[in-house]
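First comes the structure, then the notes that go with it.
We count residues from 1, following the sequence as given.
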Amino acid sequence: MPLAEPTGRYLSFHEREELALLRARGFGVRAIARELDRDPGTISRELRRNAATRSGKVEYRATVAQWKAQTAARRPKAAKLATNPRLQEYVQARLAGQLHRPDGTLAPGPATTWKGLNKPHRGDRRWATAWSPQQIARRLVVDFPDDEDMRISHEAIYQALYIQGRGALKRELVACLRTGRALRKPRERARNRPQGHVTADVVLSERPAEAEDRAVPGHWEGDLVIGLNRSAIGTVVERTSRYTLLVHLPRLEGYGTVPPVKNGPPLGGYGAIAMKDALQATMAVMPAELLRSLTWDRGKELSAHAQFKIDTGIAVYFADPRSPWQRGTNENTNGLLRQYFPKGTDLSRWSAEDLLAVQSAINSRPCKVLAWRTPAEVLDKQLRSLQRAGVATTR
């Protein structure tokens with residue numbers, strides 16, 4: 001094999017010769033790294049992976065190390081599951097193995113067919129052992145502690161399932177994964193992707209940094225509490241004081257009696273225009289200094305956010321998909337509100353006055369995160385601070 005010079009990311013043959021000489025002279029890993037101007041981790045991995053072992057003891061030789069490195073760099077590589085039948089059988093049995101009843105007979109489960117699509121919505125799925133790739137990979141170490149051939153990473157199992165041509169596991173076995181997803185959907189690829197009413201300029205990463213540490217009041221989080229028969233209540237919470245505002249969303253005239261019109265306004269009470277107007281009226285009770293930004297869930301009820309910003313001056317940002325922790329204060333408050341508005345109940349029966357009563361109760365509860373002060377007390381302190389600042393600037 002020719003000793004071709006690799007790119008600068010990898011050790012060259014000349015560097016391996018220097019490494020072998022320094023190692024023979026008794027230099028340690030960090031000393032060698034300083035001499036070669038490389039990271040100590042690079043030297044440590046090189047000595048561990050590419051040392052010669054044929055003589056019965058571990059010795060580092062430049063030519064052997066170069067040969068090993070170039071052999072490992074060859075592409076394409078055969079999948080480990082394709083070259084190790086025993087490992088393949090172990091993985092497949094725990095991923096797609098059949099279930100058994102207590103008497104040992106097979107429990108085949110429902111009859112299903114795989115069509116190359118994601119798991120059926122509200123439909124039967126194949127019964128299988130259904131260990132996750134991570135469970136399989138970690139269990140191998142427990143079942144075969146001394147057999148290094150019985151090792152595989154969970155990512156290699158995923159690739160054997162999702163990448164055609166690996167020749168190890170059949171494609172339809174993805175139905176045995178808990179997600180049942182026919183195609184991989186990397187998390188980061190979908191994160192912050194503009195979609196529909198959420199454009200690139202209103203994703204969470206565009207929100208001012210001052211909103212993150214809660215030092216500056218006036219940044220809010222919002223969402224809907226959903227009830228029975230498409231009823232809902234809007235909730236907005238100030239991040240610093242945890243002060244909560246409840247948005248009354250009464251059903252529009254004709255709900256339940258007028259047939260729905262295609263592309264017509266939703267009569268449930270939280271269509272885009274109704275939501276914008278109700279939210280604007282609710283937040284108008286706060287001083288402008290406490291209305292800096294609003295972070296909302298990805299729901300389309302606030303698809304009129306551009307007009308809302310024009311009318312109120314409040315910048316609207318949307319959290320990432322399936323990331324409720326990015327609006328943790330609001331999610332926690334919604335959990336508290338479920339004491340008054342349980343799931344599966346009709347929320348349209350409550351009047352605006354009823355919501356104000358619940359709002360007052362929530363804002364009068366002492367909070368541990370506020371040193372046992374109430375959100376109302378903290379908000380009152382913020383308002384007095386704003387008033388003093390306003391008086392000082394007029395003198």
Side-chain angles (χ1 to χ4, degrees), residues 214 217-253 255-256 266-286 290-291 294-302 308 312 314 316 318-319 322-383:
R214 304 176 190 267
H219 297 282
W220 299 73
E221 298 175 3
D223 194 11
L224 294 181
V225 174
I226 303 295
L228 194 65
N229 299 326
R230 298 188 62 82
S231 58
I233 297 172
T235 66
V236 283
V237 187
E238 204 277 314
R239 284 175 54 84
T240 301
S241 65
R242 276 69 174 182
Y243 191 84
T244 301
L245 297 174
L246 298 184
V247 184
H248 187 224
L249 298 170
R251 289 180 175 139
L252 303 185
E253 183 179 355
Y255 178 84
L267 302 180
Y270 54 98
I273 302 302
M275 184 72 222
K276 177 189 75 68
D277 293 341
L279 184 61
Q280 181 177 338
T282 300
M283 301 192 73
V285 302
M286 306 301 296
L290 290 181
L291 299 175
L294 173 63
T295 302
W296 201 263
D297 189 27
R298 285 275 171 137
K300 291 187 177 181
E301 64 274 0
L302 204 59
F308 175 80
T312 64
I314 305 173
V316 178
F318 291 90
R322 297 172 296 280
S323 303
W325 59 87
Q326 295 177 346
R327 303 170 12 268
T329 302
N330 183 232
E331 288 288 328
N332 181 64
T333 302
N334 289 349
L336 298 177
L337 289 169
R338 284 299 185 184
Q339 179 180 353
Y340 303 95
F341 311 116
K343 293 183 179 180
T345 61
D346 190 347
L347 304 184
S348 65
R349 53 185 166 154
W350 306 118
S351 66
E353 290 72 22
D354 293 327
L355 298 192
L356 288 175
V358 174
Q359 176 180 308
S360 177
I362 290 291
N363 290 328
S364 300
R365 288 183 180 181
C367 299
K368 181 179 180 180
V369 73
L370 300 177
W372 302 113
R373 294 175 296 170
T374 68
E377 291 171 342
V378 175
L379 182 71
D380 184 62
K381 183 178 178 180
Q382 291 175 350
L383 292 174

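For His248 (side chain) and Trp350 (main-chain N/O), a donor-acceptor pair under 3.5 Å exists by modelled atom type. The backbone N or O of Thr329 sits less than 3.5 Å from a side-chain atom of Thr333, completing a donor-acceptor pair. Not one N or O on the side chain of Trp325 forms a donor-acceptor pair closer than 3.5 Å with the backbone of Glu331.
Every residue meeting the side chain to side chain contact (heavy atoms under 4.5 Å, CB included) condition with Asn363, not counting sequence neighbours, appears here in chain and number order: Tyr243, Thr244, Gln359, Pro375, Ala376. Listed by chain and number, the residues in a salt bridge (charged side-chain N to carboxylate O under 4.0 Å, His left out) with Arg242 amount to none (sequence neighbours excluded). Partners of Pro342 under the side chain to side chain contact (heavy atoms under 4.5 Å, CB included) rule, at least two apart in sequence or in another chain, are Thr345. The salt bridge (charged side-chain N to carboxylate O under 4.0 Å, His left out) search around Glu221 returns Arg239, not counting sequence neighbours. Every residue meeting the side chain to side chain contact (heavy atoms under 4.5 Å, CB included) condition with Lys300, not counting sequence neighbours, appears here in chain and number order: His197. Not counting sequence neighbours, the partners of Leu336 by the side chain to side chain contact (heavy atoms under 4.5 Å, CB included) test are Asn332, Ile362, Arg365. Remark: Trp296 engages Glu301 in a side chain to side chain donor-acceptor pair (under 3.5 Å) (not counting sequence neighbours). Every residue two or more places apart in sequence or in another chain was checked for a salt bridge (charged side-chain N to carboxylate O under 4.0 Å, His left out) with Asp354, and none qualifies. Taking the side chain to side chain donor-acceptor pair (under 3.5 Å) definition, one finds that Asn330 meets it with Thr235, Arg327, sequence neighbours left out.
Looking at every heavy atom in both residues, Leu355 comes nearest to Leu246 through O-CD1, 3.4 Å. Taking all atoms of both residues into account, the shortest heavy-atom contact from Gly218 to Glu238 is N-OE2, 2.9 Å. Pro366 approaches Thr374 most closely through the heavy-atom pair N-CG2, 3.8 Å. Val316 approaches Phe308 most closely through the heavy-atom pair CG2-CD2, 3.6 Å.
For the salt bridge (charged side-chain N to carboxylate O under 4.0 Å, His left out) condition, no pair includes a residue of residues 368-378, sequence neighbours left out. For the salt bridge (charged side-chain N to carboxylate O under 4.0 Å, His left out) condition, the pairs that include at least one residue of residues 339-349, sequence neighbours left out, are Arg251-Asp346.
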Using a 3.5 Å cut-off and no angle test, enumerate the donor-acceptor pairs between side-chain atoms of residues 272-284 and protein atoms at least two apart in sequence or in another chain.
unit_1, atom_1, unit_2, atom_2, d
Lys276, NZ, Asp311, OD2, 3.4
Thr282, OG1, Ala278, O, 2.9

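The side-chain heavy atoms of Trp220 and Leu245, taken from C-beta on, include a pair separated by under 4.5 Å. At a threshold of 4.5 Å between non-hydrogen side-chain atoms, the residues Leu249 and Leu347 do not count as touching. Residues Val247 and Tyr270 form no side-chain contact, since every pair of their non-hydrogen atoms from C-beta on lies 4.5 Å or further apart. By the 4.5 Å heavy-atom criterion applied to side chains, Thr312 and Leu291 are not counted as neighbours.
Here the straight-line distance linking atom CZ of Arg322 with atom CZ of Arg298 works out to 9.0 Å at 0.5 Å rounding. Here the CG atom belonging to Asp223 is positioned 4.5 Å from the CG atom belonging to Asp297, to the nearest 0.5 angstrom. To the nearest 0.5 Å, atoms CZ (Phe341) and OG (Ser231) are separated by 10.5 Å.
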Kindly determine whether Thr240 and His219 satisfy side chain to side chain contact (heavy atoms under 4.5 Å, CB included), including the steps that lead there. CA-CA 8 Å; Thr240 301; His219 297 282; over 6 Å; no
